[in-house]
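Please read the structure below before turning to the comments.
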Protein chains: 2
Amino acid sequence: MTAIEQAYDVFEDRCPTRLVLDRLADKWALLILDRLKSGPVRFNHIRRDIKGISQKVLAQTLRKLERNGLISRTIFPTVPVTVEYALTPLGRTLTDTVSALTHWAEKNMGAIFAAQRAYDEAYAD
Amino acid sequence: MTAIEQAYDVFEDRCPTRLVLDRLADKWALLILDRLKSGPVRFNHIRRDIKGISQKVLAQTLRKLERNGLISRTIFPTVPVTVEYALTPLGRTLTDTVSALTHWAEKNMGAIFAAQRAYDEAYAD
DNA sequence: TTAGATAGTTTCCAATAGATACCAAGGAGA
DNA sequence: TCTCCTTGGTATCTATTGGAAACTATCTAA
């Protein structure tokens, strides 16, 4: 580990890594990154695919991901205008990890719901 | 892919995997899971280690993780009382993925801040 | 001219997050 | 005995965020 790497610690307040984690640890951001994995997608296409996301939150989250260099935004002057979102090379380095998380959720859902039922029964008094 | 696995899709609203992702995609939950990786830790110990977390949010997040079967809560009748939190076997299956995320954040922080500066300069008008 | 598509912004209300103060039980020091 | 310290939390208040719905603007097709 180099001196530079050692200087950062997610457990430290004020550490910049926290700011990064703030932006990644967001349900919608993870779903969007996962959705863009297979190639560029348009705004309303994402909106239709990720069921339940509002236009406001989708726009905000896309802007956030763009500002952090994880996705790119390309405007095509068609009629009506087309805006395409795609992963940047930096964003692509994240997708494996993100996919691992969403896959873990899909795979271990049963165990989690069983745990919830057990917990709720135990503390139902 | 089996029929059961195929039935779940994180992009679907109302899909139970979404509920799981809601609970995982949380900055504090990720930090706590990462902190517990090396062994059981007490409440105030976590609170001191994860700088900036409030008691309320720590208590809430621990309760949430416990309900979802990711961590266990053990009370020792010492004086004053000692409460130890530890990863369950299920929680342990998650830590590799979580560590990958926090490590990615530490490693790519520089690139992200550079992207932010570039974005803010480009849209500063 | 009415409806639909594009990609958003605006507005409002409810839910959440964070800061702060407070609680009980007991031990140590003055 | 009085006060401060520890343990692991709640209770309260406010600020921020999230979601639902309506609105913008431009152009096409029926």
Side-chain angles (χ1 to χ4, degrees), chain A residues 11-15 18-19 21-32 35-36 40-68 71-86 119 122-123 125, chain B residues 11-15 18-19 21-32 35-36 40-68 71-86 119 122-123 125:
Chain A
F11 296 124
E12 276 300 319
D13 197 9
R14 298 170 162 270
C15 171
R18 276 286 188 82
L19 300 174
L21 205 60
D22 277 352
R23 278 160 184 77
L24 295 179
D26 164 37
K27 176 182 59 166
W28 298 123
L30 293 182
L31 286 171
I32 290 172
R35 180 61 192 83
L36 291 182
V41 192
R42 281 173 299 113
F43 184 90
N44 277 331
H45 199 157
I46 301 175
R47 188 183 149 211
R48 278 188 295 266
D49 281 358
I50 301 183
K51 308 254 175 20
I53 194 169
S54 73
Q55 286 184 309
K56 188 184 80 169
V57 172
L58 176 55
Q60 281 176 349
T61 309
L62 287 170
R63 207 77 71 230
K64 199 171 68 176
L65 290 173
E66 186 197 359
R67 178 166 182 264
N68 286 276
I71 66 175
S72 63
R73 182 173 182 271
T74 314
I75 303 172
F76 298 96
T78 54
V79 164
V81 66
T82 298
V83 181
E84 235 180 41
Y85 293 93
Y119 183 97
Y123 294 90
D125 49 343
Chain B
F11 295 124
E12 276 300 320
D13 195 11
R14 298 170 163 270
C15 172
R18 275 286 188 82
L19 299 174
L21 205 61
D22 277 351
R23 278 159 183 80
L24 296 180
D26 164 37
K27 175 182 62 166
W28 298 122
L30 293 181
L31 286 171
I32 290 171
R35 180 62 192 82
L36 292 181
V41 192
R42 281 174 299 111
F43 184 91
N44 277 330
H45 199 156
I46 301 175
R47 188 182 150 213
R48 278 189 296 266
D49 281 358
I50 301 182
K51 308 249 174 26
I53 194 169
S54 74
Q55 285 184 307
K56 189 184 81 168
V57 172
L58 177 55
Q60 282 176 351
T61 310
L62 287 171
R63 209 75 72 227
K64 199 170 68 174
L65 291 172
E66 187 197 356
R67 177 164 184 266
N68 286 275
I71 65 174
S72 64
R73 181 174 183 270
T74 312
I75 305 173
F76 297 96
T78 53
V79 165
V81 66
T82 299
V83 179
E84 237 179 40
Y85 293 92
Y119 182 96
Y123 294 91
D125 49 342

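Here is the naming used below: chain letters follow the sequence lines, and residue numbers restart at 1 for every chain.
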Which parts of nucleotides 8-19 of chain C does protein reach within less than 4.0 Å, heavy atoms only, written one letter per nucleotide 5' to 3' as B for base, S for sugar-phosphate only and - for none? BBBB-----BBB
Answer yes or no: does a side-chain N or O of R48(A) lie under 4.0 Å from OP1 or OP2 of dA5(C)? no
Can you name the nearest heavy-atom pair linking L36(B) to Y85(B), along with the distance? CD2-O, 3.6 Å
By side-chain contact (heavy atoms from CB on, under 4.5 Å) - contacts of P40(B) (at least two apart): E84(B), A86(B)
Which one of R63(A), E66(A), R67(A) satisfies the side chain to side chain contact (heavy atoms under 4.5 Å, CB included) criterion with Y123(B)? E66(A)
Return the value, rounded to whole Å, for the distance between atom NE2 of H45(B) and atom C1' of dT6(D). 15 Å
Minimal heavy-atom distance between V83(B) and R73(B), with the atoms involved, is CG1-CG, 3.7 Å
In this structure, how many angstroms lie between the P atom of dA5(C) and the CD1 atom of I46(A), rounded? 18 Å
Identify the two heavy atoms, one from T61(A) and one from V57(A), that lie closest to each other, and give their separation to 0.1 Å. OG1-O, 2.6 Å
Heavy-atom closest contact (F43(A) atom, L58(A) atom, distance): O-CD2, 3.6 Å
Could you tell me how far apart L58(A) (CG) and dT17(D) (P) are, to the nearest whole angstrom? 18 Å
Nearest heavy-atom contact between V81(B) and I75(B) is CG2-CG2, 3.5 Å
One character per nucleotide, please: for nucleotides 25-30 of chain C, 5' to 3', B when the base has a protein heavy atom closer than 4.0 Å, S when only the sugar-phosphate does, - otherwise. -SS---
Student check: side-chain heavy atoms of I46(B) and L62(B) closer than 4.5 Å: yes
